[in-house]
Amino acid sequence: MAPSELAPVKLSVSGLTKYFGDLEVLRDVSTDVRRGEFISIVGPSGCGKTTFLRIIGGLEQSESGEARLDERKISGPGKDRGFVFQQDNLLPWRTVRSNTEIGPEINGEKGPEQHHRIARLLKLVGLGGFEEYYPRQLSGGMRQRVNLARALAVDPDLLLMDEPFSALDAQTREIMQTELMRIWEEGRKTVLFVTHQIDEAVYLSDRVLVFARRPGRIQEVVEIDLPRPRPLSIKRTPHFVAYVDHIWKLIEDDVRASVMEEHA
Ligand SMILES: Nc1ncnc2c1ncn2[C@@H]1O[C@H](COP(=O)(O)OP(=O)(O)OP(=O)(O)O)[C@@H](O)[C@H]1O
Ligand SMILES: [Mg+2]
C-alpha cells in the first residue's frame with residue numbers, strides 16, 4: 001500500500017467558486033489531498049489553474065467554499081506554503097545563497113545552524129559550489145533550482161508549483177523532473193504542481209486533477225498507479241502512454257476551443 005493511502009488529509013478543498021467580475025473562473029471545486037501526496041493539475045489555458053493555486057496560497061479569495069490546511073481555514077499567505085512560479089523572480093543583486101535565504105531572513109531565522117541548513121538545501125537541489133554566484137551567471141535550469149531551494153528554505157508543508165519548468169528546454173526539463181522526484185522522495189512534502197505537459201504530470205504524480213474550462217472545474221481525477229522510483233524510461237512503457245492518452249482525450253476538445261479563442 002502506498003504511504004499516501006495511509007496519510008491523513010493535509011489539504012481539504014470544498015465547493016470553491018471564484019469570479020473575476022462577471023467571469024466565473026472556478027465552479028464548485030472540491031478535493032482532498034493527503035500528506036505527502038504529489039498532485040498535478042492539468043487543463044486548457046484559462047481554466048483557472050493559477051487562480052486555484054493562488055487561492056490555496058492565500059493570495060486570492062474565493063466567493064464561496066473554502067480550503068483548509070491541517071483543518072485550519074486558509075485566509076491569507078503563510079509560511080506553511082511555498083510557491084514556485086513559472087518565471088524565476090530572483091533578486092539580481094543577491095547571490096544564490098542570499099536569494100535562498102530570503103524566506104528564513106523574513107522569518108527572523110539566522111545563525112550558523114541556518115547557514116548549514118541552506119548549504120545542505122543548495123546541495124540537495126544540485127547547486128553545491130554555486131552558492132556565491134549571481135543569477136546572471138546561471139542557466140535557466142539553475143535559476144529554477146534556486147527558486148525551488150528558496151521555496152524549500154522555509155520548510156513549507158505544502159509546495160505550490162505553477163508551471164515551474166515551462167521556460168526550460170526539453171532536456172533540462174526532464175532532468176529537473178527527475179531531480180524534483182528525488183527531492184520529493186527525500187522530504188515527502190505535499191505538492192500541488194500545475195503543468196501543461198501531460199507526460200510531466202503523469203511522470204511526477206500520485207494523482208492528476210484534470211480541469212475543464214468555462215467555468216473551471218475538476219473533470220476527472222486520474223490515479224497514477226505506476227511504481228516508484230520512476231526512471232525516465234517509464235515514459236515509453238504502454239502503461240504510461242495509456243495514462244497520457246487518456247488525459248489528453250479528456251482535455252483535447254477544451255484545449256482546441258481555448259486555442260481557437262486565443263486566435264479569434
Ligand atoms: N486578476 C484577474 N482579474 C481578472 N481576471 C483574471 C485575473 N486573473 C485571472 N483572470 C481570468 O481568470 C481566468 C483563469 O485564469 P488563470 O490564470 O487561473 O488560468 P490558467 O488555467 O492558469 O491559464 P494558463 O494555463 O494560461 O496559465 C482567465 O480567463 C483569466 O483571464
Ligand atoms: Mg496559469
Side-chain angles (χ1 to χ4, degrees), residues 11 13-31 33 38-67 69 74-77 81-89 140 143-144 147-148 150-151 158-170 173 176-177 180 191-205 207-222 244 246-264:
L11 174 74
V13 178
S14 57
L16 219 59
T17 297
K18 172 74 185 167
Y19 283 83
F20 281 117
D22 291 338
L23 184 69
E24 188 181 16
V25 176
L26 295 172
R27 178 184 289 177
D28 197 21
V29 175
S30 299
T31 191
V33 177
F38 199 114
I39 303 287
S40 285
I41 299 169
V42 301
S45 189
C47 72
K49 304 180 294 294
T50 296
T51 304
F52 178 70
L53 227 56
R54 286 174 58 82
I55 292 172
I56 307 300
L59 305 171
E60 202 83 65
Q61 302 279 322
S62 62
E63 262 68 45
S64 60
E66 59 175 28
L69 189 59
I74 293 172
S75 57
R81 283 147 289 157
F83 243 112
V84 183
F85 299 100
Q86 181 172 3
Q87 292 298 334
D88 72 74
N89 44 355
R143 280 200 291 271
Q144 271 312 40
N147 245 9
L148 179 58
R150 187 162 64 174
L158 180 62
L159 201 51
L160 303 168
M161 307 183 79
D162 195 0
E163 302 192 47
F165 304 150
S166 61
L168 306 177
D169 66 79
R173 186 174 186 137
M176 290 300 288
Q177 290 167 5
L180 178 60
V191 183
L192 282 184
F193 186 98
V194 169
T195 179
H196 273 115
Q197 209 136 337
I198 298 171
D199 75 315
E200 182 168 84
V202 173
Y203 177 72
L204 294 171
S205 306
R207 288 187 293 148
V208 178
L209 310 185
V210 183
F211 271 48
R213 74 197 282 268
R214 287 290 148 81
R217 62 205 181 280
I218 296 178
Q219 186 180 356
E220 193 172 310
V221 179
V222 181
V244 174
H246 174 70
I247 294 172
W248 173 241
K249 284 204 181 78
L250 287 174
I251 63 173
E252 186 174 9
D253 289 347
D254 265 0
V255 170
R256 278 186 211 289
S258 85
V259 171
M260 296 306 280
E261 213 165 77
E262 273 168 24
H263 290 91

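For the single chain, residues carry numbers from 1 onward in sequence order. Whatever order the structure lists them in is the order used to number ligands and atoms, beginning at 1.
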Restricting to non-hydrogen atoms, name the atom on Ser62 and the atom on Thr17 that form the minimum distance, rounded to 0.1 Å. CB-O, 3.5 Å
Of all heavy-atom pairs linking Leu158 and Val191, the shortest is CD1-N, 4.5 Å
Closest contact, heavy atoms only, Gln177 versus Leu204: O-CD2, 3.6 Å
Would you check, one step at a time, whether the test salt bridge (charged side-chain N to carboxylate O under 4.0 Å, His left out) holds for Glu261 with Arg214? CA-CA 12 Å; Glu261 213 165 77; Arg214 287 290 148 81; 3.1 Å; yes
With the criterion set at N/O pairs under 3.5 Å, what does the list of contacts between the protein and ligand 1 look like, atom names and distances included?
unit_1	atom_1	unit_2	atom_2	d
ligand 1	18 (O)	Thr51	N	2.9
ligand 1	18 (O)	Thr51	OG1	2.5
ligand 1	19 (O)	Gly48	N	3.3
ligand 1	21 (O)	Cys47	N	3.2
ligand 1	21 (O)	Gly48	N	3.0
ligand 1	21 (O)	Lys49	N	2.9
ligand 1	21 (O)	Lys49	NZ	2.9
ligand 1	22 (O)	Thr50	N	3.0
ligand 1	22 (O)	Thr50	OG1	2.8
ligand 1	23 (O)	Gly46	N	2.8
ligand 1	25 (O)	Lys49	NZ	2.7
ligand 1	25 (O)	His196	NE2	2.9
ligand 1	26 (O)	Ser45	OG	2.5

Might you work through the side chain to side chain contact (heavy atoms under 4.5 Å, CB included) test for Val208 and Ile198, ending with a clear yes or no? CA-CA 9 Å; Val208 178; Ile198 298 171; over 6 Å; no
For the Mg ion (ligand 2), every protein N/O/S atom that sits closer than 2.8 Å, waters excluded: Thr50 OG1
Starting from the C-alpha separation in whole Å, work towards a yes-or-no answer on side chain to side chain contact (heavy atoms under 4.5 Å, CB included) for Arg150 and Asn89. CA-CA 10 Å; Arg150 187 162 64 174; Asn89 44 355; 2.8 Å; yes
How close do Asp254 and Pro44 get, counting heavy atoms only, and between which atoms? CB-CG, 3.5 Å
State which residue, out of Gln144, Glu200, His196, Gln86, fulfils the side-chain hydrogen bond (donor to acceptor under 3.5 Å, both in side chains) condition with Ser166. Gln86
Note: Arg207-Glu220 ion pair, threshold 4.0 Å (strictly below): no
